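So that the names make sense, note that chain A is the first sequence line, chain B the second, and so on, each numbered from 1. Because the structure is a prediction, the values reported are computed rather than measured.
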Number of protein chains: 2
Amino acid sequence: MSYCANHTAPPYGAQRMTPQRQLISAATAAREGAFSVEALAADVGALDATIGVSTVYRAVTAMLASGWLERVGERDGSALFARCTAGGHHHHVVCDRCGRVATAECPLDVSVPGAMQSDGFVITRHEVMLYGLCPECAIADRDEE
Amino acid sequence: MSYCANHTAPPYGAQRMTPQRQLISAATAAREGAFSVEALAADVGALDATIGVSTVYRAVTAMLASGWLERVGERDGSALFARCTAGGHHHHVVCDRCGRVATAECPLDVSVPGAMQSDGFVITRHEVMLYGLCPECAIADRDEE
DNA sequence: TTGTATGCAAATGGTTTGCACCTAT
DNA sequence: ATAGGTGCAAACCATTTGCATACAA
């Protein structure tokens, strides 16, 4: 199924739905877990080798801006992204083995934004990145040892 | 005062205490809050302009390895570091305005490492970066508005 | 003496950008 | 028609590394 039906509003912040962005959003939707831009670009390249990396980067930027895609972590110096349907404030756990992603509640008390304190500091923003093993990989990992 | 008395073991993982590393560790110790390598290199450069950036980077790597210095966040694409005397597992809050740093307790339950779960995931590692305003800057900020 | 540290410059590598061309709207 | 999107290549920039030299131990 297509996430970008013809003559339909784009699923993310882009203002024009070009064939390139249709492929990119389809490739993004097809991905299961967390992925790097490099990996996404490889998928896209398999569909249309003429699409350049910068186009993928620009599309990713647009998808992030609209919230259709989220940055869920980092690996080997490159950012990891994943589609996320959860609403509201949350974080993600990324499986270090297969890349699967799950949403996680925020461990911080954000009920009163800007009022959280630690040593008198007013915390205005935070980043929480969680990594580990998904249920399946945890089992596979245990069996191997 | 010197953090590297002559003929004394280096305060961090380096194996040889060269004059360059004495200056670098002194400059590091003189810093109050979080700083980037660029900023540290500027301080060091003021003391001895012949010291190259790579030397500073290598010294920072050594300081991190020994735990004498910690990575406390990121800003504008470059890493932020700070000396930290706290022991055990903890995180840091960095003042977005003046760079002051405070230690913060880990908001996650790490009492049973590797057993923390979220959606069945076994969380093996995490990163928590906190940013905000230190008490003084919070007041200054309020007065300005 | 000997292996670690330095300084320089060049390489890395993910990400961004300038520019001329193309196209969805 | 026209603003936004694309492709290419070059630019960026923090950080790393190769290499010949210097020096702490």
Side-chain angles (χ1 to χ4, degrees), chain A residues 2 4-28 34-42 44-45 47-66 68-69 71-81, chain B residues 2 4-28 34-45 47-66 69 71-81:
Chain A
S2 168
C4 299
N6 294 326
H7 308 295
T8 290
Y12 54 88
Q15 314 200 15
R16 288 184 194 178
M17 187 41 59
T18 63
Q20 290 92 331
R21 294 204 166 185
Q22 291 198 30
L23 286 183
I24 295 171
S25 59
T28 299
F35 56 87
S36 61
V37 172
E38 182 187 18
L40 179 61
V44 171
L47 300 175
D48 181 344
T50 70
I51 297 181
V53 213
S54 42
T55 298
V56 178
Y57 270 102
R58 285 187 270 234
V60 165
T61 300
M63 295 189 274
L64 288 173
S66 75
W68 198 66
L69 191 67
R71 188 180 200 283
V72 297
E74 185 163 345
R75 188 145 174 175
D76 296 326
S78 51
L80 290 180
F81 303 92
Chain B
S2 167
C4 298
N6 294 325
H7 308 296
T8 291
Y12 55 85
Q15 314 199 17
R16 290 184 191 177
M17 186 42 60
T18 62
Q20 290 91 332
R21 294 204 167 187
Q22 290 199 31
L23 286 183
I24 295 171
S25 60
T28 300
F35 55 87
S36 62
V37 173
E38 182 187 16
L40 179 60
D43 288 359
V44 171
L47 299 173
D48 180 344
T50 72
I51 298 180
V53 212
S54 41
T55 298
V56 178
Y57 270 101
R58 286 188 270 234
V60 165
T61 300
M63 295 189 275
L64 288 173
S66 75
L69 191 67
R71 187 180 199 284
V72 297
E74 187 165 343
R75 186 143 174 178
D76 296 326
S78 51
L80 290 182
F81 304 93

Shortest side-chain distance from Pro19(A), nucleotide among dG7(D), dA24(C), dG7(C): dA24(C)
Close side-chain approach of Arg58(A) and Arg21(A), heavy atoms under 4.5 Å: yes
Heavy-atom check, side chain of Asp43(B) versus side chain of Phe35(B), under 4.5 Å: no
Nearest-Å distance for atom pair CZ/P, residues Arg21(A) and dT23(C): 15 Å
Separation of dG7(D) P from Leu23(A) CG (nearest whole Å): 10 Å
dG7(C) phosphate, OP1 or OP2, under 4.0 Å from Gln20(B) side-chain N/O: yes
d(CD1, Ile24(A); C1', dG5(D)) in whole Å: 10 Å
Rounded distance in Å - CD (Gln22(A)) to P (dT23(C)): 14 Å
Member of Ile51(B), Leu47(B), Thr50(B), Val44(B) meeting the side chain to side chain contact (heavy atoms under 4.5 Å, CB included) criterion with Gln20(B): Ile51(B)
Footprint string (nucleotides 9-15 of chain C, 5' to 3'): B base within contact, S backbone only, - free, heavy atoms under 4.0 Å: B----SB
Contacts of Glu74(A) that satisfy side chain to side chain contact (heavy atoms under 4.5 Å, CB included) - sequence neighbours left out: Arg71(A), Tyr131(A)
Candidate nucleotides dT17(C), dT25(C), dT17(D), ranked by approach to the side chain of Arg58(A) - the nearest: dT17(C)
Option from Thr55(A), Asp48(A), Val60(A), Thr18(A) for which side chain to side chain contact (heavy atoms under 4.5 Å, CB included) with Ile24(A) holds: Thr55(A)
Shortest non-hydrogen contact from Phe81(B) toward Val72(B): C-CG2, 4.0 Å
For atom CD1 of Ile51(B) and atom P of dC8(C), their distance in whole Å: 10 Å
Side chain of Thr18(A) - closest among dG4(D), dG7(C), dT6(D): dT6(D)
Length of the line joining Leu64(B):CG and dT15(D):P, which is rounded to integer Å: 11 Å
